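Labels below follow one simple rule: chain letters A, B, ... track the order of the sequence lines, proteins then strands, and each chain is numbered from 1. Because the structure is predicted, anything quoted here is derived from the model rather than measured.
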Amino acid sequence: MTEIIVDYFDLEQICESGQCFRMKRKSEHQYEVIAGDRYLQISQKGNQICFDCTPEEYEGFWKRYFDLETDYGNFIQRIDPGDSYLMEAARFGSGIRILKQDLWEMIVSFLISQQNNIRRIRRCIEAICEKYGEKKRNKAGDIYYAFPKPEAFAGLGEDDLKKCNLGYRSKYVVRTARMTADAEVDLQKIERSSYPEAKEELMRFYGVGSKVADCICLFALGQMEAFPVDTHINQALQKHYPGGFPMEAYPGFQGILQQYIFYYELMGGK
DNA sequence: CCTCAGGACAACC
DNA sequence: GGTTGTCCTGAG
């Protein structure tokens, strides 16, 4: 058990912000996260976060995963005070953090995300994990499934993942898994690349366009300059920024602002 | 019945 | 360069 105190951290906001599809609320303050092949129970009361893991696991993995070294308050303070919409969106989602998730897992997750809603994305991902992921047990003895490695999909037919309800996205995942397993694209090199280089390389995968590549750059690589524009963001930008979003005012952290806007548009009305 | 959900691609012009 | 039809699926 490892306990820490942080500002600007809210498990519910992180869970509902649509960046991690394998984070789930278990009870009032309790959440579970499955990241790659790791399982974590985590809870929050006020500013106190409680990780159900050893200090070594916290220092060695989860601290980086939840981006706990970054000062998000600094980003919020640098927002133009005259931009009342962005100020309100950032206040509303001030507990969001950009998770540093596994690269391969994010590639597949956002291939599945296209023209799809979040609830169904979660179901598709659970389906492929149960069918192709390694079966494991957490500390409590409960079964969970790790995220499948590229090799688990590489030998499949292009339509085989339709059984997991991926629809036309099945061939995107299978072809991308083959390219990765055959080392046509080097994931480790992408992790060391700059944002433009990483994005260009990711777009070589069949089914990865500009938007999906930006999601991968933001949620796996921590490239905060990536600004994914989906239908929701597009509508919000046209409404509140008819002259275009002022990217140049927020160099290197547009991505977190995009996430505040996305979460505000998704949850702000409720 | 219809539209829409964190789009991408191929085939046009 | 920009525009359009098509692609699974299920919730509303």
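Here the P atom of nucleotide C:dT9 and the CD1 atom of A:Ile121 are 16 Å apart, to the nearest Å. What separates CD of A:Gln235 from P of B:dG7 is a distance of 11 Å, to the nearest Å. Taking atom NZ of residue A:Lys162 and atom C1' of nucleotide C:dC8, one finds them 7 Å apart after rounding to whole Å. Computed from coordinates, the A:Tyr172 OH to C:dT6 P distance equals 15 Å when rounded to whole Å. Here B:dA5 presents its C1' atom at 15 Å from CZ of A:Arg122, a figure rounded to the nearest Å. Note: CD (A:Gln258) to P (B:dG6) measures 12 Å, nearest angstrom. For the pair A:Ile107 CD1 and B:dA8 P, the computed distance is 14 Å after rounding to whole Å. The distance between atom CD1 of A:Ile233 and atom P of B:dA5, rounded to the nearest whole Å, is 13 Å.
At a threshold of 4.0 Å, the pair A:Lys211-A:Asp214 does not count as salt-bridged, since none of the basic side-chain nitrogens sits closer than that to a carboxylate oxygen. Looking at A:Arg175 and A:Glu158, a side-chain N of the basic residue comes within less than 4.0 Å of a carboxylate O on the acidic one, giving a salt bridge. Salt bridge status for A:Glu126 with A:Arg22: present, with a side-chain N to carboxylate O gap under 4.0 Å.
Atom NZ of A:Lys131 sits about 9.0 Å away from atom CG of A:Leu156, to the nearest 0.5 Å.
A:Arg120 contributes no side-chain N or O that forms a donor-acceptor pair with the base of B:dC4 under 3.5 Å.
Counting only Watson-Crick or G-U wobble pairs whose defining distances are both under 3.5 Å, the stems of 3 or more consecutive pairs in DNA chain C are B:2-5 with C:9-12, B:7-13 with C:1-7.
Panel note: side chain A:Gln259, backbone A:Arg97; no donor-acceptor pair is recorded below 3.5 Å. With hydrogens and angles ignored, the 3.5 Å screen pairs a side-chain donor or acceptor of A:Asp160 with a backbone N or O of A:Gly157. Remark: the backbone N or O of A:Gly95 is paired with a side-chain donor or acceptor of A:Gln13 at under 3.5 angstrom.
Judged by a 6.0 Å distance limit and a 45° cone about the ring axis, A:Arg137 is not positioned over the six-membered ring of A:Tyr144.
The side chain of A:Gln115 lies closest to C:dC8, out of C:dG10, C:dC8, B:dG6. When the nucleotides B:dG6, C:dA11, C:dC8 are ranked by their closest atom to the side chain of A:Arg123, C:dA11 comes out on top.
Comparing C:dC8 with B:dA10, their P atoms sit 15 Å apart, to the nearest whole Å. Nucleotides C:dG12 and B:dG6, compared at atom P, are 13 Å apart to the nearest Å. Straight-line distance between the P atoms of C:dT6 and B:dT3: roughly 14 Å, to the nearest whole Å. Rounded to the nearest Å, the gap between the P atom of B:dC4 and that of C:dG5 is 15 Å.
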- Take A:Phe205 and A:Met179 through the side-chain contact (heavy atoms from CB on, under 4.5 Å) test and state the conclusion after the steps. CA-CA 8 Å; A:Phe205 287 122; A:Met179 287 179 70; 3.9 Å; yes
- Query: How far apart are the C-alpha atoms of A:Tyr195 and A:Leu221, what are their side-chain angles, what is the distance that settles it, and do they pass the side-chain contact (heavy atoms from CB on, under 4.5 Å) test?
  - Reply: CA-CA 9 Å; A:Tyr195 165 61; A:Leu221 304 176; over 6 Å; no
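Residue contacts shown for A:Ser17 include a base, since a base heavy atom lies under 4.0 Å away. As judged by a 4.0 angstrom heavy-atom cut-off over every strand, A:Ile118 is placed among the base-contacting residues. Heavy atoms of A:Gln19 sit under 4.0 angstrom from at least one base atom. Within the nucleic acid shown, A:Arg169 comes within 4.0 Å of at least one base atom, counting heavy atoms only.
In this view, A:Arg123 and A:Arg120 satisfy the side-chain contact (heavy atoms from CB on, under 4.5 Å) rule, not counting sequence neighbours.
Each of A:Arg175 and A:Asn117 has a nearest nucleotide on DNA chain B; the 5'-most of these lies closest to A:Asn117.
Looking at residues 198-222 of chain A, you'll see that no heavy atom sits under 4.0 Å from any atom of DNA chain C.
Residue A:Tyr168 and nucleotide C:dC8 are not classified as a stacked aromatic pair, given the requirement of ring centres less than 5.5 Å apart at an interplanar angle below 30°.
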